[in-house]
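The structure appears below as structure tokens.
Quick note: numbers below take in every heavy atom, side chains included, and nothing from hydrogens, waters or symmetry partners. Keep in mind the model is a prediction, meaning the values are calculated, not measured.
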Amino acid sequence: MGGTALVYDSHRLSVSAMLLAESDDGNDNDNASLRRQLLELLTLRPALDAGDIVIFDNRTLHYGIANASKGDTTGKDSNAGRRPMLYLNVTQSWFHDPKNWDDRKSIFS
């Protein structure tokens, strides 16, 4: 996996709802095209170096970008271009995200 892309201002429910809206009748091609263009304009792709960190509100729309590293082209080191990654969510006890995380399971119980 490469870097993480973040969608500017998408932590706001109104922005997320507008960007992810779907037409009820399925004939929303023009609006869908505009939403895709707006999503592309609002997407940030931080340029980070090894050891850098990104901290963001996990309500922010975000997604992984492909790893464009060429790695080891000789075939001698299959792990070249890869780095370990730590991903940590810290939330208030009242916040639940059942779409991405099963809030009924805990590693501590």
Item to check | Hydrophobic cluster (4.5 angstrom, side-chain heavy atoms) - remaining members for I53 | outcome: I55

Checklist entry - side chain to side chain contact (heavy atoms under 4.5 Å, CB included) between L48 and V54: does it pass, once the steps are laid out? => result CA-CA 9 Å; L48 303 172; V54 176; 3.1 Å; yes

Next on the checklist: Please report the interatomic distance CZ(R36) to CG(N31), rounded to the nearest 0.5 Å.
Outcome noted: 10.5 Å

Next on the checklist: So L6 and T43, do their side chains get closer than 4.5 Å, heavy atoms only?
Outcome noted: no

Checklist entry - side chain to side chain contact (heavy atoms under 4.5 Å, CB included) between L61 and S16: does it pass, once the steps are laid out? => result CA-CA 7 Å; L61 295 177; S16 291; 4.0 Å; yes

Item to check | Point-to-point distance, once rounded to the nearest 0.5 Å, from CD of Q37 to CG of L42 | outcome: 12.0 Å

Next on the checklist: Under the rule for salt bridge (Lys or Arg N to Asp or Glu O under 4.0 Å), what residues qualify as partners of D52, not counting sequence neighbours?
Outcome noted: none

Next on the checklist: Within the supplied structure, the quantity of interest is the number of heavy atoms (other residues, nucleotides, ligands) at a distance under 6.0 Å from Y8 OH; does it exceed 12?
Outcome noted: no

Item to check | Non-hydrogen side-chain atoms of L19 and L38 separated by less than 4.5 Å | outcome: yes

Item to check | H62 vs V7, side chain to side chain contact (heavy atoms under 4.5 Å, CB included): CA-CA, chis, key distance, verdict | outcome: CA-CA 6 Å; H62 60 283; V7 181; over 6 Å; no

Item to check | Separation between CG of L34 and CG of L39, rounded to the nearest 0.5 Å | outcome: 12.5 Å

Next on the checklist: Determine whether a donor-acceptor pair (N or O, by modelled atom type, separation under 3.5 Å) exists between the side chain of R35 and the backbone of A21.
Outcome noted: yes

Next on the checklist: For a 4.5 angstrom cut-off between non-hydrogen side-chain atoms, does H11 reach D9?
Outcome noted: yes

